[in-house]
J.: 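Handing you a structure now.
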Amino acid sequence: MTAGLLAGAWGAVTGPLAGTARAASTRPGATADGLRALFGSENRVIRTSERVVAVTFNAAWNDAGLDSILDDLARRRTPATFFLTGAFADRHPEVVRRVAAAGHGVGNHSYSHPYFKGLTTAGRHREVQAADQALRAAGAGRSLTPFFRFPYSETSAAQIDEVNGLGFADIEFTADTNGWKGTEGGMTVDLAVGRALDALRPGAIMQMHVGASEGRAEVIDAQALPRMLDAITARGYRVIDLRTLLTPVASSAGSADTP
């Protein structure tokens, strides 16, 4: 990334740091201070005035759209972060390895994608830690990030503190394309692209999905991705790697006003 990209002062965030050094060390140049600056927030937008955005994908169902997604990202030399559940990694270790080999970041999306508010503290810890173990076992390697995304984006201050205490920063999103709903849910490629562009702003974090829910093969997000990326570029934006947030030259992220 260009020197000085997102340059700005990191705000000090206090809180437990168990596991922070190990998690931060998964990316060359990452620092514990850079990770700690993301703690205490659900991080729905990157705080910056630059015309940059981040693209992310969740995976819990299947890998139906993976081939075209990786091809389009490679064709445009665009980085992305893939938030995978541990159960998905256990079923599809080859996907984890392909994402890592392509140079993208791999994030933790819990093990079984439950509603966290219905779990005990110990249960939430198990979900995060089991997913971390599954991603490592599947071959995430140095692509593994200290980033966690809550299932259903169901966050609370107390649960974010718990995740921070395990050494992970919570990274949510500015907007979801809603492509995961499929045509049965009233979504189309046009609508998915439109949702992304309507949310376009400096520091936006876009959420998409790799696969389709049970019984569906069509992956709207995979179809929408090339149009979305081309439109982002046409509007003068660049897609950046979320892992730049772990380096001293990056700027902090914080909660956006949009869901």
Side-chain angles (χ1 to χ4, degrees), residues 1 5-6 8-48 52-58 79-86 104-111 113 116 121 124-125 127-136 140 142-174 176 203-207 240-256 259:
M1 294 299 164
L5 176 66
L6 306 180
W10 289 97
V13 177
T14 58
L17 291 173
T20 298
R22 178 179 65 83
S25 67
T26 59
R27 173 162 172 79
T31 68
D33 285 344
L35 176 60
R36 179 172 30 213
L38 299 171
F39 286 2
S41 173
E42 57 184 0
N43 297 306
R44 290 188 179 274
V45 68
I46 304 165
R47 290 179 184 157
T48 179
V52 295
V53 298
V55 174
T56 69
F57 295 88
N58 293 356
T81 303
F82 289 74
F83 287 87
L84 315 177
T85 68
H104 302 296
V106 175
N108 186 322
H109 196 35
S110 80
Y111 185 82
H113 206 275
F116 265 39
T121 298
R124 290 190 289 269
H125 285 195
E127 281 285 333
V128 177
Q129 293 168 329
D132 182 65
Q133 293 169 3
L135 293 169
R136 291 176 186 277
R142 294 178 70 80
S143 289
L144 191 62
T145 69
F147 297 152
F148 177 80
R149 175 169 285 166
F150 281 90
Y152 310 104
S153 196
E154 178 195 74
T155 67
S156 74
Q159 290 172 18
I160 289 172
D161 283 346
E162 291 175 1
V163 168
N164 294 165
L166 296 173
F168 294 86
D170 175 35
I171 302 291
E172 297 300 325
F173 52 91
T174 310
D176 188 322
I205 301 172
M206 305 296 181
Q207 175 173 276
I240 65 165
D241 193 325
L242 273 177
R243 289 172 291 184
T244 60
L245 297 178
L246 297 172
T247 63
V249 296
S251 178
S252 57
S255 300

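The structure presented is a predicted model; accordingly, all values stated were derived computationally and were not measured. Values below: all heavy atoms of this structure, side chains included; hydrogens, waters and symmetry mates excluded. All residue numbers in this chain count up from 1 along the given sequence.
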J.: Which heavy atom in Ala204 sits nearest to a heavy atom in Val45, and how many Å separate them?
T.: N-CG2, 4.0 Å
J.: Using side-chain heavy atoms (C-beta onward) and a distance below 4.5 Å, is Asn164 in contact with Ile160?
T.: yes
J.: Who are the side-chain contact (heavy atoms from CB on, under 4.5 Å) partners of Ala131, not counting sequence neighbours?
T.: Asn108, Tyr111
J.: Just by modelled atom types, is the His104 backbone N or O under 3.5 Å from a matching donor or acceptor in the Ser143 side chain?
T.: yes
J.: Test of understanding: with side-chain hydrogen bond (donor to acceptor under 3.5 Å, both in side chains), list the residues that count as partners of Thr85, not counting sequence neighbours.
T.: none
J.: Kindly say whether Met206 contributes a backbone atom to a donor-acceptor pair with the side chain of Thr56 at under 3.5 angstrom?
T.: yes
J.: Please report the closest heavy-atom contact between Gly167 and Pro146, naming both atoms and the distance.
T.: O-CB, 3.7 Å
J.: Rounded to the nearest 0.5 Å, what separation is found between the CZ atom of Arg243 and the CG atom of Leu144?
T.: 10.0 Å
J.: Closest approach of Gly107 and Thr145, non-hydrogen atoms and distance?
T.: CA-OG1, 3.6 Å
J.: Only counting residues at least two apart or in another chain, list the ones meeting side-chain hydrogen bond (donor to acceptor under 3.5 Å, both in side chains) with Ser153.
T.: Arg44, Glu172
J.: Under a 4.5 Å cut-off applied to non-hydrogen side-chain atoms, are Ile205 and Asn43 in contact?
T.: no
J.: Looking at CZ of Arg47 and OG of Ser41, how far apart are the two atoms once the value is rounded to the nearest 0.5 Å?
T.: 6.0 Å
J.: Under the rule for side-chain contact (heavy atoms from CB on, under 4.5 Å), what residues qualify as partners of Gln129, not counting sequence neighbours?
T.: His125, Leu166
J.: Please enumerate all residues that pass ring-ring contact (aromatic ring centres under 6.0 Å, His included) together with Phe150, with sequence neighbours excluded.
T.: Phe116, Phe148
J.: Write down the atom of Arg124, the atom of Glu162, and the distance for their closest heavy-atom approach.
T.: NE-OE1, 2.7 Å
J.: Is any side-chain heavy atom of Ile46 closer than 4.5 Å to a side-chain heavy atom of Leu242?
T.: yes
J.: Which atom names give the shortest non-hydrogen contact between Leu35 and Ala169, and what distance separates them?
T.: CD1-CB, 3.7 Å
J.: Using the ring of each side chain (for Trp, its six-membered ring), is Phe57 parallel, tilted or perpendicular to Phe82, with breaks at 30° and 60°?
T.: parallel
J.: How close do Thr244 and Thr247 get, heavy atom to heavy atom, and via which atoms?
T.: O-OG1, 2.8 Å
J.: Partners of Gln207 by side-chain hydrogen bond (donor to acceptor under 3.5 Å, both in side chains), sequence neighbours excluded?
T.: Asn58, Arg149, Asp176
